[in-house]
Amino acid sequence: MGIETEYGIMATLPGDVPPMTPDEVARYMFRPIVDKYSSSNVFLPNASRLYLDVGSHPEFATAECDSIFQLIAYEKAGDRIVSDLAMQAEQELDAQVYIFKNNVDSQGNSYGCHENYLVSRTTVLKTLGRQLIPFLVTRQLIAGAGMIYRPFLGSASSHFGTGWCVSQRADHVWEGVSSATTRSRPMINTRDEPHADSSLYRRLHVIVGDSNMAEPTIGLKIGSTELVLEMIEAGVDLPDFEFADDIASIREIARDITGSTIIELKNGSTITALEMQRAYLGAATTWFQDREPSEDHAKALDLWDRMLNALETQDYTQVDREIDWVIKRNLITRYQEKFGWELDHPKLAQIDLMFHDIKPGRGIFEVLQAKGLVKQWVDEQAISTAKNQAPQTTRAKLRGDFLTAALEKEASITVDWMRLKANSPEQHLVELGDPFASVDHRVEELIENL
């Protein structure tokens, strides 16, 4: 599994200097990468991919990970890597460069956080989508980033007034399952690009989720989805929750922090969003008792249960240091109570945005976490290691070893998710179709040949 994070970017310059465009800021920020690799689209020694995406968004795609804790460490390492580039640009520009790990800018443009899960090729994609989408639509209640919604931000839901929204992506998806990504954003992208042996595996590309700041929220988002996918693959008899209108439902659920939104199902029955999540949790808990035990999934199940209890009782004190939208909403509520501001006050919009600034010591979330007001699931050493070293338990180790050796020897190479190629003095190519293989004598020989 892996996560791709697109970041928002802006810069403020001193004096009367005209502001830089996001494209100018991004390209300036990536100068050290271009100087080192002669490209703004590279694989780093930690086996992750860093590049400039469409719309001048810096994007970091984690290396292949095989545990929740490992994935959190590499996602957070990506935040640090991108933040380091921004701080270097700040010094050279004598400016403030802001990198936001969120999903909506002030003009209503959306950029994504994409989750990737390796699933069996034998699982029928149509069945997978039908069973997974109801979970994804209601998952925002437990793993959304949260935001203050203003009507001009999203024409898709302009009939909603200013208010609180648990998800930043809910208004920006238009289909359930589709091969498109930007033209008509679906919840699940079906482009068949497995980055593995295509006869055995499929890469499930989920693009409906929010970018998360708190490690427990990342862990809950990924862990709960993994368990649901495992059940679908194993043929567990899950309830028929197919929506009558999943797009309308995802927007309505996003604006109800009680989870009591009534959902009309295709079979004619109704259910609340909270009841649906309860059903998934119940099935996942039973499934977990029969699968191989793991500490990370146990933590995800515990937080999942506590979050649903918080929704039901409206007592969020049991999760107010772990769930993104709860942490942010509590912060904004305190400012409202202190200053008497309405939700559409521009100062609250600024706080909403600055919550996602990833610069240590400046971003509101980063300050809260530094003060111990947000729980962490991985230690700082794991994140520090993840900045420079590839995961040691997946195919990523082979890519990381090859990239590190090539940098040391200043060798000409070409790398993608599946292929390692030495370009000179002779061309040698190794394909890695097994994402679970962390040892391969062919790669050892390739490194020796460098």
| field | Heavy-atom closest contact (Phe60 atom, Ser48 atom, distance) | value | CZ-CB, 3.3 Å
| Do you know which two heavy atoms are closest between Ile188 and Gly129, and how far apart they sit? | CD1-CA, 4.1 Å
| task | Applying side chain to side chain contact (heavy atoms under 4.5 Å, CB included), run through Glu6 and His114 and close with a yes or a no. | result | CA-CA 9 Å; Glu6 300 173 12; His114 299 177; 4.1 Å; yes
| Got a sec, which residues hit side chain to side chain donor-acceptor pair (under 3.5 Å) with Glu92, two or more places apart in sequence or on another chain? | none
| query | Arg306 versus Glu322: any side-chain heavy-atom pair under 4.5 Å? | reply | yes
| Salt-bridge criterion met for Glu4 and Arg49 (N-O under 4.0 Å) | no
| query | If you take all heavy atoms of Ala170 and Ile250, which pair is closest and at what distance? | reply | O-CG2, 3.6 Å
| Test item: Ser40 side-chain N/O and Tyr51 main-chain N/O as donor-acceptor pair under 3.5 Å | no
| request: Indicate yes or no: at least one non-hydrogen side-chain atom of Phe69 is less than 4.5 angstrom from one of Lys299. | output: yes
| said: If we count only N and O atoms by modelled type, under 3.5 Å, do the side chains of Lys387 and Asn46 hold a donor and an acceptor together? | reply: no
| field | Residues Glu215, Lys375: salt bridge by 4.0 Å N-O rule | value | no
| field | Check: Asp434 main-chain N/O paired with Tyr201 side-chain donor or acceptor under 3.5 Å | value | no
| request: Applying side-chain contact (heavy atoms from CB on, under 4.5 Å) between Arg202 and each of Thr122, Leu125, Thr190, Leu118, report the one that passes. | output: Leu125
| task | For Gln70 and Thr393, test the side chains for any donor-to-acceptor distance below 3.5 angstrom and give the result as yes or no. | result | yes
| query | With no hydrogens and no angle check, do the side chains of Gln376 and Glu380 hold a donor and an acceptor under 3.5 Å apart? | reply | yes
| field | Criterion salt bridge (charged side-chain N to carboxylate O under 4.0 Å, His left out) on Lys328 and Asp324, from CA distance to verdict | value | CA-CA 6 Å; Lys328 188 202 280 190; Asp324 274 2; over 6 Å; no
| Full working for ring-ring contact (aromatic ring centres under 6.0 Å, His included) between Phe241 and Tyr280 | CA-CA 10 Å; Phe241 286 147; Tyr280 281 113; 5.7 Å; yes
| request: Scan side-chain atoms only and decide if Asp105 and Tyr111 contain a donor-acceptor pair under the 3.5 Å cut-off. | output: no
| query | Are any non-hydrogen side-chain atoms of Gln314 and Ile257 less than 4.5 angstrom apart? | reply | yes
| Between Gln91 and Gln88, is there a donor-acceptor pair closer than 3.5 Å when you use the side chain of the first and the backbone of the second? | no
| said: With rounding to the nearest 0.5 angstrom, report the CG to CG distance, Asn330 to Leu373. | reply: 11.5 Å
| query | Taking 4.0 angstrom as the limit, do Arg278 and Asp305 come out as a salt bridge? | reply | yes
| query | Any side-chain heavy atom of Pro391 within less than 4.5 Å of one from Lys397? | reply | no
| Going by distance alone, is a donor N or O of one side chain under 3.5 Å from an acceptor N or O of the other, for Gln381 and Thr385? | yes
| note | On a heavy-atom basis, the closest approach of Pro58 and Met29 is CG-CE, 3.7 Å
| Does the pair Asp171 and Arg255 meet the rule for a salt bridge (charged side-chain N to carboxylate O under 4.0 Å, His left out), with working shown? | CA-CA 11 Å; Asp171 283 355; Arg255 289 162 175 80; 2.6 Å; yes
| query | Would you say the side-chain atoms of Thr225 and Arg139 include a donor-acceptor pair closer than 3.5 Å? | reply | yes
| task | Ignoring hydrogens and angles, state whether a donor on the side chain of Asn103 or Ser110 is under 3.5 Å from an acceptor on the partner side chain. | result | no
| task | Using distance alone, with no hydrogens and no angle criterion, decide if Gln277 and Thr138 have a side-chain donor and acceptor under 3.5 Å apart. | result | yes
| Salt bridge or not for Asp79 and Lys101, using N-O below 4.0 Å? | yes
| message | Do Ile263 and Thr272 have side chains that approach each other closer than 4.5 Å (heavy atoms only, starting at C-beta)? | response | no
| Do Ile142 and Leu308 pass the side chain to side chain contact (heavy atoms under 4.5 Å, CB included) test, and can you show the C-alpha distance, the side-chain angles, and the key distance before you say yes or no? | CA-CA 7 Å; Ile142 64 173; Leu308 295 186; 3.8 Å; yes
| Between Lys266 and Asp245, is there a side-chain N and carboxylate O pair less than 4.0 Å apart? | no
| message | Ring centres under 6.0 Å, that's the criterion: do Phe43 and Trp417 meet it? | response | yes
| note | Correct closest heavy-atom pair for Asn267 and Ser269 would be OD1-OG, 2.6 Å
| said: Can you confirm whether Gln96 is buried at CD, in the sense that more than 12 heavy atoms of other residues, nucleotides or ligands lie under 6.0 Å from that atom? | reply: yes
| request: Determine whether Ser211 and Asn102 make a side-chain contact, defined as any pair of heavy atoms from C-beta on separated by less than 4.5 Å. | output: no
| task | Tell me whether the centres of the aromatic rings in Trp325 and Tyr316 are closer together than 6.0 Å. | result | yes
| Backbone N/O of Ile148 and side chain of Asp352: donor-acceptor pair under 3.5 Å | yes
| said: Determine whether Glu233 and Leu128 satisfy the following criterion, side chain to side chain contact (heavy atoms under 4.5 Å, CB included), listing intermediate values before the conclusion. | reply: CA-CA 8 Å; Glu233 282 190 310; Leu128 187 67; 5.6 Å; no
| Distance (rounded to the nearest 0.5 Å) between Arg169 CZ and Ile207 CD1 | 6.0 Å
| query | Does any donor atom in the side chain of Asp210 or Ser167 lie under 3.5 Å from an acceptor atom in the other side chain? | reply | yes
| message | Between the side chains of Asp23 and Arg27, is the shortest nitrogen-to-carboxylate-oxygen separation below 4.0 Å, so that they form an ion pair? | response | yes
| Would you call Arg362 and Glu90 a salt bridge, using N to O less than 4.0 angstrom? | yes
| request: Decide yes or no on side chain to side chain contact (heavy atoms under 4.5 Å, CB included) for His57 and Glu59, but give the supporting numbers first. | output: CA-CA 6 Å; His57 291 287; Glu59 180 160 348; 5.7 Å; no
| said: Between Glu366 and Lys359, does any side-chain N to carboxylate O distance fall below 4.0 Å? | reply: no
| request: Establish, from distance only, whether the side-chain atoms of Thr261 and Asp256 form a donor-acceptor pair under 3.5 Å. | output: yes
| Roughly how far, to the nearest 0.5 Å, is the CD1 atom of Ile33 from the CG atom of Leu44? | 6.0 Å
| field | Within-4.5 Å side-chain heavy-atom neighbours: Leu229 and Leu204 | value | yes
| task | Measure the OH-CD1 distance between Tyr335 and Ile332 for me, rounded to the nearest 0.5 Å. | result | 10.0 Å
| said: Minimum heavy-atom separation for Gln140 and Val137, please, with both atom names. | reply: NE2-O, 2.8 Å
| task | For residues Asn109 and Val104, determine if any side-chain heavy atom of one lies less than 4.5 Å from a side-chain heavy atom of the other. | result | no
| Do Thr286 and Asp290 meet the criterion of a side-chain donor-acceptor pair at a distance under 3.5 Å? | no
